[in-house]
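Here's the structure, in structure tokens; my notes come after.
Lettering of chains follows the sequences in order, A, B, ..., and the numbering in each one begins at 1.
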Protein chains: 2
Amino acid sequence: MQKNPEQCQVVVALDMIVGKWKPMILLYLMNEGTKRFSELKRLLPDITPRMLTLQLRELEAHDIIERKVYPEVPPRVEYSMTEYGRTLEPILEAMHEWGKAHLEHMKAKHARQSEGVADPSGKSGR
Amino acid sequence: MQKNPEQCQVVVALDMIVGKWKPMILLYLMNEGTKRFSELKRLLPDITPRMLTLQLRELEAHDIIERKVYPEVPPRVEYSMTEYGRTLEPILEAMHEWGKAHLEHMKAKHARQSEGVADPSGKSGR
DNA sequence: CTGTATCCTCGTGGATACTG
DNA sequence: CAGTATCCACGAGGATACAG
């Protein structure tokens, strides 16, 4: 196992998808295919053009997405997953499933607690 | 798909493992089992006690790890994965594998470029 | 040994205006 | 349409000292 977080392989993978908007951008490009700049902007109502550009450029630098410029006027730029980027799909999918289950897990946990049931394990302390 | 990043399921899962030290803590607890505070401190040489406490508490709050206090003197506290926390294992494992492959991918990419080979796809632009 | 308490740095991301 | 340029706010994380 890597002792230095910087070279921990998990962190390497994590770097591809961390960023306030990267998960959503990836989900859209993976599930709905190619999108242009303005489409993404519309899908992410609260993102600023600056942030959209930054996050897209990072993904592009990592070979996760591809940027295609059409030399037209008005300009058109399309973003899409690279074949390599699609190798992230199982991970995103697993996280999506896990996240869904987690919400259930926490709901059940709170329900248990708010019922005022003295939990038999006696670990409620703190 | 969730439009709000805050309720995107991927982000929910991501929250469990983001944090400068969480991935390493999780890997150690998953691969090597129960650890006490001082052991983790020794395994993560650059972490401060404050950060170790914070990250552990977050994981505990999410039901990912369990904190067991032994009322002895000197005090002893042991941390371990919960059964629920272990459901993260496939995700961490997948990310570990992906990260390893990614380092190879990038190495190959740079090798290709520094060879000065005019890439046939003609997409080198920018 | 297992933490807290305080203070501080710095990077991510936001607001706003402007450009080819 | 698809971005840049500038400036700014905030919170995660770090340094250091102290406590039960």
Side-chain angles (χ1 to χ4, degrees), chain A residues 3-6 8 10-11 14-26 28-29 34-62 65-80 123 125-126, chain B residues 3-6 8 10-12 14-26 28-29 34-62 65-80 125-126:
Chain A
K3 266 60 184 173
N4 184 342
E6 302 312 310
C8 166
V10 171
V11 176
L14 222 30
D15 276 344
M16 304 298 120
I17 52 184
V18 285
K20 183 152 179 196
W21 306 96
K22 276 192 214 156
M24 294 305 294
I25 293 173
L26 291 174
Y28 277 122
L29 294 184
T34 300
K35 296 281 175 199
R36 37 195 302 192
F37 190 87
S38 52
E39 289 181 290
L40 289 170
K41 179 89 189 57
R42 212 171 315 115
L43 291 167
L44 281 356
D46 291 341
I47 200 172
T48 62
R50 171 188 140 84
M51 279 316 294
L52 184 50
T53 302
L54 284 178
Q55 305 269 295
L56 288 170
R57 292 288 145 84
E58 281 179 42
L59 291 170
E60 189 193 1
H62 287 133
I65 67 174
E66 187 183 1
R67 178 174 181 263
K68 227 172 182 169
V69 182
Y70 294 84
E72 311 170 352
V73 38
R76 181 160 58 105
V77 178
E78 287 185 349
Y79 294 92
S80 55
K123 292 178 198 158
R126 169 93 62 97
Chain B
K3 267 61 184 171
N4 185 341
E6 303 310 310
C8 165
V10 172
V11 175
V12 171
L14 222 31
D15 276 344
M16 304 297 119
I17 53 184
V18 285
K20 183 152 179 195
W21 306 97
K22 275 192 212 158
M24 293 305 293
I25 293 173
L26 290 174
Y28 276 122
L29 294 184
T34 300
K35 296 282 176 199
R36 36 195 302 193
F37 190 86
S38 53
E39 288 181 290
L40 289 170
K41 179 90 188 56
R42 213 171 314 114
L43 291 168
L44 281 355
D46 292 341
I47 201 174
T48 61
R50 172 187 140 83
M51 279 315 294
L52 184 49
T53 303
L54 284 178
Q55 304 270 294
L56 287 170
R57 292 286 145 86
E58 280 180 41
L59 291 169
E60 189 194 1
H62 288 132
I65 67 173
E66 188 184 0
R67 179 174 180 263
K68 227 172 182 168
V69 183
Y70 295 83
E72 310 170 353
V73 38
R76 181 159 57 106
V77 178
E78 287 185 349
Y79 294 92
S80 56
R126 171 91 62 92

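- Following rounding to the nearest Å, A/Ile47 (CD1) and C/dG14 (C1') show an atom-to-atom distance of 11 Å.
- The base of D/dG13 is paired with the side chain of B/Arg50 by a donor and an acceptor separated by under 3.5 Å.
- Checking D/dG13, D/dA15, D/dC1 against the side-chain heavy atoms of A/Pro74 singles out D/dC1 as nearest.
- For the pair A/Glu60 CD and D/dA2 P, the interatomic distance rounds to 15 Å; values are reported in whole Å.
- A close approach under 4.0 Å does occur between a side-chain nitrogen or oxygen of A/Gln55 and OP1 or OP2 of C/dG13.
- In this structure, A/Arg42 and B/Pro75 both approach DNA chain D, and ranking their closest nucleotides by distance from the 5' end singles out A/Arg42.
- In the set C/dT4, D/dA15, C/dT2, the nucleotide with an atom closest to the side chain of B/Pro49 is C/dT4.
- Contact annotation: B/Arg57 side-chain N/O to C/dG3 OP1/OP2 distance is under 4.0 Å.
- Classification of A/Arg76 and A/Glu78 as a salt-bridged pair holds, one side-chain N sitting under 4.0 Å from a carboxylate O.
- Look at CD on A/Glu39: it is 16 Å from C1' on D/dG3, rounded to the nearest Å.
- Between the P atom of D/dG14 and the CG atom of B/Asp46 lies a distance of 9 Å, rounded to the nearest Å.
- In the set D/dG3, C/dT2, D/dG14, the nucleotide with an atom closest to the side chain of B/Trp21 is D/dG14.
- Using a 4.0 Å heavy-atom cutoff across all strands shown, B/Tyr79 reaches sugar-phosphate atoms only and no base atom.
- As a whole-Å value, the separation of B/Lys41 NZ from D/dA15 P is 11 Å.
- Rounded to a whole Å, the CD atom of B/Glu78 is 13 Å from the C1' atom of C/dC1.
- The phosphate of D/dG14 (OP1 or OP2) has a side-chain N or O of B/Lys20 nearer than 4.0 angstrom.
- Within 4.0 Å of A/Arg76, counting heavy atoms only, lie sugar-phosphate atoms of the nucleic acid but no base atom.
- Dashed line: the shortest gap from a side-chain N or O of B/Ser38 to OP1 or OP2 of C/dT2 is under 4.0 Å.
- Across all their heavy atoms, B/Gln55 and B/Lys20 have their closest contact at OE1-N, 3.8 Å.
- Judged by distance alone, with hydrogens and angles left aside, the side-chain atoms of A/Glu66 form no donor-acceptor pair with the main-chain N or O of A/Ser80 at under 3.5 Å.
- Looking at heavy-atom distances under 4.0 Å, A/Glu58 makes no contact with the nucleic acid at all.
- Of all the heavy atoms in A/Leu14 and B/Ile17, the pair that sits closest is CD2-O, 3.9 Å.
- When rounded to the nearest whole Å, the span between CG of B/Leu52 and P of C/dC1 equals 13 Å.
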- Query: Going through the distances and angles, do A/Arg67 and A/Arg57 end up as a side-chain contact (heavy atoms from CB on, under 4.5 Å)?
  - Reply: CA-CA 9 Å; A/Arg67 178 174 181 263; A/Arg57 292 288 145 84; 3.0 Å; yes

- Task: Could you walk me through whether B/Trp21 and B/Asp46 pass the side-chain contact (heavy atoms from CB on, under 4.5 Å) test, one step at a time?
- Result: CA-CA 10 Å; B/Trp21 306 97; B/Asp46 292 341; 3.9 Å; yes

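- In this structure, CZ of A/Arg36 is placed 10 Å from P of D/dG3, rounded to the nearest angstrom.
- With C/dT16, D/dA15, C/dG13 as the candidates, the nucleotide lying closest to the side chain of A/Thr48 is C/dT16.
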